[in-house]
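For the numbers below, each heavy atom of this structure counts, side chains included, while hydrogens, waters and symmetry mates do not. All values derive from a computational prediction rather than experimental measurement.
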Amino acid sequence: MESLIKFVQDEFVPKKDFAEFSAGDTITVYYEIREGEKSRTQFFRGVVLQRRGAGTSETFTIRKMSGTVGVERIFPVNLPALQKIEVNKRGKVRRARIFYFRGLTGKKARIKEARRK
């Protein structure tokens with residue numbers, strides 16, 4: 001049964017090719033918002049806390065600071081409204097899920113920039 005579900009997901013769910021990113025990276029996600037008949041593009045820029053799941057059910061969590069309040073948003077990778085993902089900075093972290101980042105403030109909330117190609 002699982003192989004049948006995987007086959008259907010691979011065949012019929014369209015895959016989008018976005019830039020490769022991981023936890024600690026600062027990314028900008030552009031997504032479409034529909035308001036009645038109108039649609040507009042909005043972006044969300046922040047630090048990736050985690051990527052989880054695989055295949056069509058894969059999601060990633062982004063955290064940004066809006067004033068003094070932290071705002072987190074979870075995006076499915078295969079969301080039809082996603083238009084593009086830009087990687088602004090590559091971060092060097094030692095974990096795949098950086099939930100400890102929520103409790104950090106000030107200079108401790110900085111992430112070293114990785115030297116990737």
Side-chain angles (χ1 to χ4, degrees):
M1 187 67 177
E2 291 176 18
S3 62
L4 181 63
I5 293 171
K6 185 172 177 3
F7 172 75
V8 170
Q9 287 177 347
D10 291 343
E11 289 293 320
F12 298 109
V13 177
K15 295 255 186 206
K16 294 185 177 182
D17 291 329
F18 292 124
E20 195 58 41
F21 62 93
S22 62
D25 295 350
T26 302
I27 65 172
T28 305
V29 177
Y30 294 88
Y31 57 98
E32 185 178 359
I33 293 205
R34 299 191 123 287
E35 296 168 335
E37 296 295 313
K38 298 181 202 169
S39 68
R40 62 185 174 88
T41 301
Q42 186 169 328
F43 68 90
F44 193 90
R45 179 180 291 128
V47 177
V48 178
L49 293 186
Q50 71 171 346
R51 282 185 79 156
R52 73 181 308 172
T56 57
S57 64
E58 185 178 0
T59 62
F60 58 96
T61 304
I62 303 179
R63 179 180 176 85
K64 76 172 184 176
M65 293 302 291
S66 180
T68 58
V69 179
V71 179
E72 290 184 14
R73 178 124 192 222
I74 300 171
F75 289 99
V77 173
N78 291 317
L79 186 69
L82 281 185
Q83 294 176 341
K84 71 176 177 178
I85 297 175
E86 283 180 357
V87 179
N88 303 105
K89 276 197 310 190
R90 301 265 183 197
K92 181 183 176 192
V93 293
R94 297 169 73 168
R95 296 170 186 237
R97 299 189 176 167
I98 55 172
F99 296 130
Y100 66 88
F101 192 68
R102 294 172 176 155
L104 303 180
T105 57
K107 288 187 177 180
K108 292 189 177 206
R110 290 184 295 189
I111 295 178
K112 273 190 177 177
E113 194 162 349
R115 294 172 60 189
R116 296 186 205 160
K117 292 183 179 180

So do the side chains of [X] and [Y] get within less than 4.5 Å of each other, counting heavy atoms only?
| X | Y | answer |
| --- | --- | --- |
| Phe44 | Ile27 | no |
| Gln42 | Tyr30 | no |
| Lys89 | Asp25 | no |
| Phe75 | Val29 | yes |

Main-chain N/O of Phe99 paired to Arg102 side chain as donor or acceptor, under 3.5 Å: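 No, because the side chain of Arg102 does not come within donor-acceptor range (under 3.5 Å) of the backbone of Phe99.
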For a quick check under 3.5 Å, do [X] and [Y] share a side-chain donor-acceptor pair by atom type?
| X | Y | result |
| --- | --- | --- |
| Glu72 | Thr61 | no |
| Arg73 | Tyr31 | yes |
| Thr28 | Asn88 | yes |

Mind checking what makes salt bridge (Lys or Arg N to Asp or Glu O under 4.0 Å) contact with Glu37, not counting sequence neighbours?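 If we apply the salt bridge (Lys or Arg N to Asp or Glu O under 4.0 Å) test to Glu37, skipping adjacent residues, there are no hits.
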Does the distance from a Lys or Arg side-chain N to an Asp or Glu carboxylate O, for [X] and [Y], drop under 4.0 Å?
| X | Y | result |
| --- | --- | --- |
| Glu113 | Lys92 | no |
| Glu32 | Arg40 | no |
| Arg90 | Glu20 | no |

Cluster overlap [X] with [Y], hydrophobic side-chain contacts below 4.5 Å:
| X | Y | result |
| --- | --- | --- |
| Val93 | Leu104 | yes |
| Leu79 | Ile85 | yes |
| Val71 | Ile33 | yes |

Evaluate side-chain contact (heavy atoms from CB on, under 4.5 Å) for Val47 paired with Ile98, printing each intermediate quantity in order. CA-CA 10 Å; Val47 177; Ile98 55 172; 4.2 Å; yes
Would you sort out whether Ile62 and Leu49 count as a side-chain contact (heavy atoms from CB on, under 4.5 Å), showing the intermediate values? CA-CA 6 Å; Ile62 303 179; Leu49 293 186; over 6 Å; no
Residues which pass ring pair (Phe, Tyr, Trp, His ring centres under 6.0 Å) with Phe101, listed by chain and number, not counting sequence neighbours: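 Expected list: none.
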What verdict does the side-chain contact (heavy atoms from CB on, under 4.5 Å) test give for Arg45 and Lys64, after you've listed the backbone C-alpha separation in whole Å, the side-chain angles of each residue and the deciding distance to 0.1 Å? CA-CA 7 Å; Arg45 179 180 291 128; Lys64 76 172 184 176; 5.8 Å; no
Nearest non-hydrogen partners of [X] and [Y], listed with the distance:
| X | Y | value |
| --- | --- | --- |
| Ser57 | Ala54 | OG-O, 3.2 Å |
| Ser22 | Arg51 | CA-CD, 4.4 Å |
| Ile111 | Gly91 | CG2-CA, 3.8 Å |

Can you measure from CE (Met65) to OG1 (Thr105) and round to the nearest 0.5 angstrom?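 The OG1 atom of Thr105 is 8.5 Å from CE of Met65, to the nearest 0.5 Å.
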How are the rings of Phe60 and Phe21 set relative to one another: parallel (under 30°), tilted (30 to 60°) or perpendicular (over 60°)?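 Correct class here is perpendicular.
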Quiz item: cation-pi between Lys84 and Phe18, 6.0 Å / 45°: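 Checked: cation-pi criterion not met.
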Set of residues satisfying side-chain contact (heavy atoms from CB on, under 4.5 Å) with respect to Arg52, sequence neighbours excluded: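 Arg52 satisfies side-chain contact (heavy atoms from CB on, under 4.5 Å) with Gln50, Thr59, Arg97 only.
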